[in-house]
Peer 1: 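The structure that follows is given in the form of structure tokens.
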Amino acid sequence: MATISNLANLTRASCVDSKSSSSSYSASVLPRSSISFRTLNAKLSSSHLSLRYNQQSRPSLFVKCSVSGGNGTAGKRTTLHDLYEKEGQSPWYDNLCRPVTDLLPLIARGVRGVTSNPAIFQKAISTSNAYNDQFRTLVESGKDIESAYWELVVKDIQDACKLFESIYDQTDGADGYVSVEVSPRLADDTQGTVEAAKYLQKVVDRRNVYIKIPATAPCIPSIRDVIASGISVNVTLIFSIARYEAVIDAYLDGLEASGLDDLSRVTSVASFFVSRVDTLMDKMLEQIGTPEALDLRGKAAVAQAALAYKLYQKKFSGPRWEALVKKGAKKQRLLWASTSVKNPAYSDTLYVAPLIGPDTVSTMPDQALEAFADHGIVKRTIDANVSEAEGIYSALEKLGIDWNKVGDQLEDEGVDSFKKSFESLLGTLQEKANTLKLASH
């Protein structure tokens with residue numbers, strides 16, 4: 001396969017050179033060439049995000065990619081520490097860019113892991129000069145564009161994993177993970193996904209890496225096989241209860257098929273997407289237009305998430321699960337993803353505050369992280385109103401909304417979005433490579 005062969009061109013030595021990782025990044029050092037990346041999606045820059053509350057009252061948690069000096073010194077104890085210590089929910093950061101040492105203040109303030117995806121790397125690499133020197137070296141050594149891309153990504157993942165190692169060790173492998181996603185081109189390729197996951201695990205070579213695999217129908221068997229191989233997985237792009245149950249079953253099947261006597265080092269999270277559900281549902285409810293339909297706007301996503309947690313509690317109990325626990329198995333934690341608020345009329349903590357519960361993760365981009373750290377309330381909420389969540393779920397069905405079809409549409413849109421980000425970045429890197437070659441003549 002093309003994707004695997006390009007991954008295979010990664011040189012182990014260049015990827016695992018951690019000595020040149022964190023300390024070698026300097027945002028103030030300009031590349032040897034004055035040529036810079038073409039700016040893509042500049043309007044998405046986190047520097048443009050703002051909060052509605054107390055914006056000037058406290059230091060920002062934002063990671064300032066490739067800004068000299070980074071975020072400065074670490075801050076004091078925050079709400080994020082309480083979130084983990086009092087309620088058992090791990091706050092993770094949904095972003096990654098260079099210099100990765102800018103994650104250190106976030107870690108000091110309570111962040112316990114990092115998620116990444118093709119869109120995040122498109123933004124990081126396309127809008128920053130911090131990757132120029134490595135990319136130039138890769139091009140000059142004869143690397144093709146996709147292989148060069150993976151080397152850029154793998155280095156960031158390795159360096160970030162190093163920063164979270166202490167959390168991984170302190171929690172005996174329960175937390176402190178950094179996630180890297182297989183190529184979005186493989187979303188419909190069962191065996192290709194398995195091969196890519198195994199290769200990424202090998203080349204990243206870090207104990208606390210999660211290999212991200214999408215929860216598409218063709219990749220459900222991939223999840224089982226990768227788990228059975230002893231590789232820890234972040235299952236991403238989950239949009240419905242039905243697909244979530246298939247993901248849990250794939251995890252359990254994989255643990256059982258692994259043949260391992262000690263399952264304690266094979267872990268997983270299931271990334272259940274939240275805000276995108278309301279974005280689509282609200283449009284559908286507005287098209288229906290009745291008072292009952294309009295009253296349900298902004299309620300679907302949290303209601304479905306609450307029912308996902310109910311399913312989680314059911315599936316990770318009973319004889320089958322207890323047999324795995326005896327071998328050291330750990331629950332596949334629910335991870336709330338897509339936690340940024342798209343509708344400015346909604347509370348800026350809407351997809352964080354109502355989803356607090358033990359053995360869960362909330363991965364937050366800049367705005368959601370800053371908002372919750374600033375004025376979030378720490379208390380268990382995920383199962384506080386299950387009957388209300390069931391009522392909302394049923395009410396939407398009575399209006400003719402098919403939850404599974406909604407999930408399928410969002411999954412298709414999510415995969416397509418990541419594919420476009422991936423292809424766009426490869427195109428940008430190709431243009432950069434062509435320019436470098438012209439400049440060298």
Peer 1: Does the Thr349 side chain pair with the main chain of Phe372, one donor and one acceptor, at a distance under 3.5 Å?
Peer 2: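 Checked: no pair found.
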Peer 1: Under a 4.0 Å N-O cut-off, is there an ion pair linking Asp262 with Arg265?
Peer 2: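 No, Asp262 and Arg265 are not salt-bridged.
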Peer 1: Measuring from Leu369:CG to Leu80:CG, what's the distance to the nearest 0.5 Å?
Peer 2: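 Going from CG on Leu369 over to CG on Leu80, the span is 5.5 Å.
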Peer 1: Quick one: does Ser229's side chain have a donor or acceptor within less than 3.5 Å of a partner on Ile231's backbone?
Peer 2: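 Checked: no pair found.
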Peer 1: Charged N to carboxylate O below 4.0 Å: is that the case for Asp156 and Arg98?
Peer 2: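 The answer is yes: the pair qualifies as a salt bridge.
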Peer 1: Are the side chain of Gln304 and the backbone of Phe239 linked by a donor-acceptor contact shorter than 3.5 Å?
Peer 2: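 Yes.
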Peer 1: Keeping Trp403 on the side-chain end and Ile241 on the backbone end, is there a donor-acceptor pair under 3.5 Å?
Peer 2: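 No, Trp403 side chain to Ile241 backbone: no donor-acceptor pair under 3.5 Å.
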Peer 1: Does NZ belonging to Lys419 count more than 12 external heavy atoms closer than 6.0 Å?
Peer 2: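 Yes, enclosed.
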Peer 1: Under a 4.0 Å threshold between the charged nitrogen and the carboxylate oxygen, would Lys162 count as salt-bridged to Glu165?
Peer 2: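 Looking at Lys162 together with Glu165, the answer is yes, because their closest N to O distance falls below 4.0 Å.
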Peer 1: If only atom types and distance count, is the side chain of Tyr177 paired as donor or acceptor with the main-chain N or O of Gly173 below 3.5 Å?
Peer 2: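 Present.
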Peer 1: So does Thr381 get a backbone contact from the side chain of Glu87, meaning a donor-acceptor N/O pair under 3.5 Å?
Peer 2: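 Such a contact is absent between Glu87 side chain and Thr381 backbone.
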Peer 1: Please step through ring-ring contact (aromatic ring centres under 6.0 Å, His included) for the pair Tyr312 and Phe316, ending with a clear verdict.
Peer 2: CA-CA 6 Å; Tyr312 159 84; Phe316 289 100; 5.4 Å; yes
Peer 1: Can you list every side chain to side chain donor-acceptor pair (under 3.5 Å) pair that touches residues 272-282, not counting sequence neighbours?
Peer 2: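 Of all non-adjacent pairs touching residues 272-282, those that pass side chain to side chain donor-acceptor pair (under 3.5 Å) are Ser275-Ser338, Ser275-Lys342, Asp278-Tyr351, Asp282-Tyr346.
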Peer 1: When you check the gap from the basic side-chain N to the acidic O, do Arg77 and Asp82 get nearer than 4.0 Å?
Peer 2: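 A salt bridge links Arg77 with Asp82.
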Peer 1: Between Arg136 and Asp133, is there a side-chain N and carboxylate O pair less than 4.0 Å apart?
Peer 2: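 Yes.
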Peer 1: Salt bridge between Lys198 and Asp225, side-chain N to carboxylate O under 4.0 Å?
Peer 2: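 No, Lys198 and Asp225 are not salt-bridged.
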Peer 1: Can you tell me if Ser179 uses its side chain to pair, donor with acceptor, with the backbone of Ser116 under 3.5 Å?
Peer 2: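 Flag not set: sc Ser179 to bb Ser116 has no pair under 3.5 Å.
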Peer 1: Would Thr171 and Arg112 count as having a side-chain donor-acceptor pair, cut-off 3.5 Å?
Peer 2: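 Not at all, the side chains of Thr171 and Arg112 share no donor-acceptor pair under 3.5 Å.
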Peer 1: Is Ser417 reaching over with its side chain to a backbone N or O of Gly414, donor-acceptor style, under 3.5 angstrom?
Peer 2: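 Here the side-chain-to-backbone pair does not exist.
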Peer 1: Sequence neighbours excluded, which residues qualify as salt bridge (Lys or Arg N to Asp or Glu O under 4.0 Å) partners of Lys212?
Peer 2: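 Counting only residues at least two positions away or on another chain, Lys212 forms a salt bridge (Lys or Arg N to Asp or Glu O under 4.0 Å) with Glu181.
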Peer 1: Where the side chain of Thr360 meets the backbone of Gln89, is there a donor-acceptor pair that is under 3.5 Å apart?
Peer 2: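 Not confirmed, Thr360 side chain does not pair with Gln89 backbone.
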Peer 1: Can you tell me if Asn95 uses its side chain to pair, donor with acceptor, with the backbone of Pro365 under 3.5 Å?
Peer 2: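 Between the backbone of Pro365 and the side chain of Asn95 there is no qualifying donor-acceptor contact (under 3.5 Å).
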